[in-house]
Amino acid sequence: MKQRHVAVLGAGVMGSAIAALAVGNGLPVTLVDVDRAVLDRARGEVTRHLRLARLMGAQTGTDVAELRTTVDLADVADADVVVEAVTELADVKAKVLAEVSALVGPEALVLTNTSAIPVDELAGSVAHPERTVGAHFMNPPYLIKTVEVVRGPRSSEAALAVARDFLTGIGREVVVVGDGPGFVINRVLQRMINEAARIADEGLATPEEIDLLFTGCLGHRTGPLATADLIGLDNVVDSLRVLRDRTGDQGYEPSALLLAKVADGDFGRKTGRGFYEHRGTK
């Protein structure tokens, strides 16, 4: 794999985890966020992710590359791979992508880690839409090896080749899918989470019982509500709204229970409480 300079935009849960994946595989990363305090926390999160990856056998190498953090987007001008991992709001993503695409070179690959927003919708904001590809990492990306790569209508074969080379070079397996709201994973998963939350709200089963049915009967590693806590209930609600608005399917209307938990600040693992209590994770 060519030695690349990777820029990761957004130092939240996914951004810090993607940064850890890249530096853990020997690629220098510049991690960007608007909040210096978030960046300071992210540096510790990257260290934690790398430690966990080693403990679980997901990373065996010791060649950890440099991690730089900055609040100045201009510091990524020399990056040849940009991974956008900001919040799942179309206008925020479009603004960040427009700004970074005006800074990096015309051959730089822009990967958007959107969960549900169509890639071509976001590509309309960048200087070179043919260099924009979706790369939907699962959380945590250092443990889940497969990445859902989304080919937008304007994504070039050259950009897809670079995306595949970059992702396989950091130990990921690539599945390329077509563009559309939610792609494959979230078009199915978010609907499942929403229905599971409705069932819990109706009192037909507890979150624990719902998840046990999925793990025990269907062989899922985690049930839908435990998965929602891992994703972040705020992110689930944002993704559901994207799917509702872009498909017109009211089945994606966020359930009352999901909305109530988000309003209360109970986002899942990252806040210590969601459908479950997560001691020591906040």
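All residue numbers in this chain count up from 1 along the given sequence.
A 4.5 Å side-chain heavy-atom check between T132 and V119 finds at least one atom pair inside the cut-off. Proximity of S101 to H128: side-chain heavy atoms (C-beta onward) are nowhere separated by under 4.5 Å. Between V100 and L73, the closest side-chain pair of non-hydrogen atoms falls below 4.5 Å.
There is no path of hydrophobic side-chain contacts, each under 4.5 Å, that joins V147 to V150. Residues L213 and L204 are members of separate hydrophobic clusters, defined by side-chain heavy-atom contacts under 4.5 angstrom among Ile, Leu, Val, Met, Phe, Trp and Tyr. Transitive grouping of hydrophobic side chains (ILVMFWY, heavy atoms separated by less than 4.5 Å) keeps V174 and V110 in distinct clusters. A single hydrophobic cluster is not seen to contain both F137 and L189; linkage of ILVMFWY side chains at heavy-atom distances under 4.5 Å, directly or through other members, places them apart. M138 and V149 are not part of a single hydrophobic cluster, where members link through side-chain heavy atoms under 4.5 Å apart.
Not a single donor-acceptor pair under 3.5 Å links the side chain of Y142 to the backbone N or O of R54. Side-chain atoms of K261 do not come within 3.5 Å of backbone N or O of D266 as any donor-acceptor pair. Remark: side-chain polar atoms of E148 are not paired, donor with acceptor, to backbone N or O of F183 under 3.5 angstrom. In this structure, the side chain of D75 does not engage the main chain of T70 through any donor-acceptor pair within 3.5 Å. Side chain of N194 to backbone of G251: a donor-acceptor contact under 3.5 angstrom is found. A donor-acceptor pair under 3.5 Å links the side-chain atoms of E84 to the main chain of V86, judged by distance alone. The closest donor-acceptor contact from the side chain of N235 to the backbone of E88 lies at 3.5 Å or more, if one exists at all. A donor-acceptor pair under 3.5 Å is formed between the side chain of N186 and the backbone N or O of S115. The backbone N or O of L67 lies less than 3.5 Å from a partner atom in the side chain of R43, making a donor-acceptor pair. The closest donor-acceptor contact from the side chain of Y276 to the backbone of P207 lies under 3.5 Å.
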Start with the C-alpha distance between D249 and L243, add both sets of side-chain angles, then the distance that settles side-chain contact (heavy atoms from CB on, under 4.5 Å), and finish with yes or no. CA-CA 8 Å; D249 186 340; L243 286 158; over 6 Å; no
Can you check side-chain contact (heavy atoms from CB on, under 4.5 Å) on L111 and F166, steps first, answer last? CA-CA 11 Å; L111 293 174; F166 164 63; 3.8 Å; yes
Assess the residue pair L240 and L258 against the criterion (side-chain contact (heavy atoms from CB on, under 4.5 Å)); give the C-alpha distance rounded to whole Å, side-chain angles, the decisive distance to 0.1 Å, and a yes or no. CA-CA 10 Å; L240 283 167; L258 279 171; 3.7 Å; yes
side-chain contact (heavy atoms from CB on, under 4.5 Å) between D234 and T271, intermediate numbers included: CA-CA 11 Å; D234 53 335; T271 60; over 6 Å; no
Show your reasoning for whether salt bridge (Lys or Arg N to Asp or Glu O under 4.0 Å) applies to R198 and E202. CA-CA 6 Å; R198 288 196 179 107; E202 292 167 9; over 6 Å; no
What verdict does the side-chain hydrogen bond (donor to acceptor under 3.5 Å, both in side chains) test give for T30 and H5, after you've listed the backbone C-alpha separation in whole Å, the side-chain angles of each residue and the deciding distance to 0.1 Å? CA-CA 8 Å; T30 300; H5 171 205; 2.8 Å; yes
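Under the side chain to side chain contact (heavy atoms under 4.5 Å, CB included) test applied with R4, the options V162, I170, V29 reduce to a single match, V162. Among V8, V38, V71, the one residue that satisfies the side chain to side chain contact (heavy atoms under 4.5 Å, CB included) test with D33 is V38. Screening R151, R154, R246 for a salt bridge (Lys or Arg N to Asp or Glu O under 4.0 Å) involving D120 leaves a single residue, R154.
Residues A196 and L225 share a closest heavy-atom pair of CB-CD2, 3.7 Å. Closest approach of P118 and G180 over heavy atoms only: CG-C, 4.2 Å. Heavy-atom minimum distance, A197 versus L257: O-CD2, 3.7 Å. Minimum heavy-atom separation, L50 to A20: CD2-O, 3.4 Å. Nearest heavy-atom pair across D179 and P153 is OD2-CD, 3.6 Å. When all heavy atoms of G223 and F214 are compared, the closest pair comes out as CA-CB, 4.1 Å.
Atom NZ of K145 has more than 12 neighbouring heavy atoms from other residues, nucleotides or ligands inside a 6.0 Å radius. More than 12 heavy atoms of other residues, nucleotides or ligands lie within 6.0 Å of CZ in R241, so this atom counts as buried by the packing criterion.
Expressed to the nearest 0.5 Å, how far OG1 of T215 lies from CD1 of I210 amounts to 12.0 Å. Distance check, rounded to the nearest 0.5 Å: CD1 of I18 to CZ of R172 gives 11.0 Å. In this structure, OG on S239 lies 14.5 Å from CZ on R187, to the nearest 0.5 angstrom. Rounding to the nearest 0.5 Å gives a distance of 6.0 Å between CZ of R191 and CD of E195. From D211, atom CG reaches atom OG1 of T222 across 7.5 Å, with rounding to the nearest 0.5 Å. Between the CG atom of L233 and the CZ atom of R269 there is a distance of 12.0 Å, given to the nearest 0.5 Å.
Donor-acceptor pairing under 3.5 Å is recorded for the side chains of T69 and R36.
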